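What follows is a short report on a single structure.
In this text, all values refer to a predicted model and were calculated from it rather than measured experimentally. The analysis underlying the following values was restricted to heavy atoms, covering all of them including side chains, and did not include hydrogens, waters or symmetry mates. Proteins come first, then strands; the chains are lettered A, B, ... in the order of their sequence lines, and each starts at number 1.
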2 protein chains.
Amino acid sequence: MTQTVDRALVILASLAEGPASLEQAANRIGVHKSTAMRLLRTLEEHGFVHRQPDYRYRLGGRLFSLAQLALESIDVRVVAAPHLAALNERCGHTVHLAVHEDGEVTYVDKLESRYPVRMYSRIGKRAPLTASAVGKVLLADLPEARRREVAEALEYPAYTARSIRTPEALLEELAQVREQGWAVDRSEYEETVNCVAVPIRGIDGRVIAACSISTPTVVAPVGTLRRLIPDLLDTAAAVSLEYGGGRG
Amino acid sequence: MTQTVDRALVILASLAEGPASLEQAANRIGVHKSTAMRLLRTLEEHGFVHRQPDYRYRLGGRLFSLAQLALESIDVRVVAAPHLAALNERCGHTVHLAVHEDGEVTYVDKLESRYPVRMYSRIGKRAPLTASAVGKVLLADLPEARRREVAEALEYPAYTARSIRTPEALLEELAQVREQGWAVDRSEYEETVNCVAVPIRGIDGRVIAACSISTPTVVAPVGTLRRLIPDLLDTAAAVSLEYGGGRG
DNA sequence: CTCCCCGTTGCGCCCAGTGCAACGGCTCTC
DNA sequence: GAGAGCCGTTGCACTGGGCGCAACGGGGAG
């Protein structure tokens, strides 16, 4: 679109192949060296390229700080919304989007079931990490040490007869979740609700959110819910991909 | 320097504060929204910004791939050279710059001692990881698991009477190196040579190279060498800082 | 000392980037 | 349901700024 910016970005990308002198850089994008110099100077002023003592240019530290900030500033909800809507359209059940926040699960988005019997929840509602499918998915991705630390610190109330009651049991289940790539909640929080969840991953591969389908036990037994996992996984994959900007 | 590129980079940096609509972005840098749009489009074509489903712009995945590539393409030698020269000027001893390569240490730069009795070495020379101060520094930064793995795989020849002979002894010493931030070699490779080394860190904090001062034992005992450590640490810090592009 | 290489700078041309204004799809309101 | 307002998009004419050229200068090699 705009020629100048276009050239500047091409020259920046070309530096990814390795440091270059002024003339090399100019040749790479086919412009006069004076033009390349002005572009590189501007990039340098902003820290996107760095000048080595031998006068060659290389990629600069600003790229790192920006990449770091980008990870934090991205809003998952917006990216996920249409995909969740499509999933909800297909299966008709309650769909949730949740993130890990202060030792609890927070539901940041929700689409209502089309079935007459619905489970209660709302956006902003919080749930225990120990007794929800989304909680397990979010915990399972933590590094081994941190996972153990969190598991030890959590409380394990008996929400139902099936609730997980010990750190050991939780860690064992998390290992399984890591392996199979999805988690299930069989009436572990509310007696009448089952749930399956899958991870949504950020650009760096880390889990940033979890996406789930929840159903009252009277509407769908766990077996029925399991058959929805492929669709759920596809949805999460689509969100992860788009969230990554297609590149990365 | 060039107005267009300058504006594009400012708009890019402003997105680090969070996603923005077209008008917000235009206001942030004080240009007409049509101008901002052209800039953002160009940035988008190159993947530096990404458009969310709600039409807002956020930082794009290209930043991550570039940041990744930058880590690999940076040439430590060029950045370190003047600092090493200054260090050599001050202390008069042999100064080395070394990196970890294929299970050995490779000296990538060297400045000669001003003393008549000199140790032998040259750029490109390789040395064992187990019996050199630079080797210990480079090993000490590896993650725990990888460190143990490498330690197990290495050989432990008796270069001298003081050479480290077992993985256990090496790992114990590496723990100390991690703690104190520098490593020493007391005639462990060559009977007549002592050496102290410190790490040079990349933008991500990982050790990318090691810098050392080596002396024949007849010129300086270990005690004398230890007094040079602060200067050595300052030198390494200066290199690390410049290597990071001043930002990051 | 001269030559050569490469980064730097001043200059004039003209193209490309800019701001304006009109368009259109969308949502909210009455 | 019509109107209003918001915001992204597009076509256009102007001119400012980006462009290539050519000359300068410093450092290294022969």
Quick check against the 3.5 Å criterion: does R77(B) have a side-chain atom that pairs as donor or acceptor with the backbone of D109(B)? no
May I ask you to test the V193(A)-T215(A) pair for a side-chain heavy-atom distance under 4.5 Å? no
Whole-Å distance, L22(B) CG to dG19(C) C1', equals 14 Å
Of the nucleotides dT18(C), dC7(D), dT9(D), which one has an atom closest to the side chain of T4(B)? dT18(C)
Can you find a donor-acceptor N/O pair under 3.5 angstrom joining the side chain of R51(B) to the base of dG8(D)? no
Closest of dG7(C), dG19(C), dT9(D) to the K33(B) side chain is dT9(D)
Kindly say whether V31(B) contributes a backbone atom to a donor-acceptor pair with the side chain of T35(B) at under 3.5 angstrom? no
Compute whether any side-chain donor of one residue and acceptor of the other, for E242(A) and H83(A), lie under 3.5 angstrom apart. yes
Between dT9(C), dG8(D), dT18(C), which one does the side chain of M37(A) approach most closely? dT9(C)
Grab the CZ-C1' distance between R38(B) and dG18(D) for me, whole Å please. 16 Å
Check whether any side-chain nitrogen or oxygen of R7(A) sits under 4.0 Å from OP1 or OP2 of dC19(D), and answer yes or no. yes
When rounded to whole Å, the CG to P distance for the pair L39(B) and dG17(C) reads 9 Å
Using whole Å, report how far CG of D54(B) lies from C1' of dG8(D). 13 Å
Nearest-neighbour nucleotide for the E23(A) side chain, dC19(D), dC6(C), dC7(D) considered: dC6(C)
Can you see if the side chain of R41(B) gets near the phosphate of dG17(C) - specifically, an N or O under 4.0 Å from OP1 or OP2? no
Should V184(B) and L225(B) count as side-chain neighbours, where that means a heavy-atom distance under 4.5 Å? no
With distance as the sole test, does H46(A) use its side chain to make a donor-acceptor pair with the main-chain N or O of F48(A) at under 3.5 Å? no
Checking S212(B) side chain against A197(B) main chain: does a donor-acceptor pair fall under 3.5 Å? no
When T2(A) and S21(A) are each assigned the nearest nucleotide of DNA chain C, the 5'-most assignment goes to S21(A)
For a 4.5 angstrom cut-off between non-hydrogen side-chain atoms, does Y57(B) reach L15(B)? yes
With sequence neighbours excluded, tell me which residues meet salt bridge (Lys or Arg N to Asp or Glu O under 4.0 Å) with D234(A). none
Which of residues 24-31 of chain B sit near DNA chain D, with a heavy atom under 4.0 Å from it? none
For atom OH of Y57(A) and atom C1' of dG7(C), their distance in whole Å: 8 Å
From CG of L40(A) across to P of dC19(D) the rounded distance in Å is 12 Å
Closer than 4.0 angstrom, basic N to acidic O: yes or no for D185(A) and K136(A)? no
Round to a whole Å and report the spacing from NE2 of H32(A) to P of dA23(D). 12 Å
What's the CG-P distance between D6(B) and dG17(C), to the nearest Å? 15 Å
Nucleotide N/O to protein N/O under 3.5 Å, stretch nucleotides 13-15 of chain C:
none

Any N/O donor-acceptor pair, S34(B) side-chain to dG19(C) base, under 3.5 Å: yes
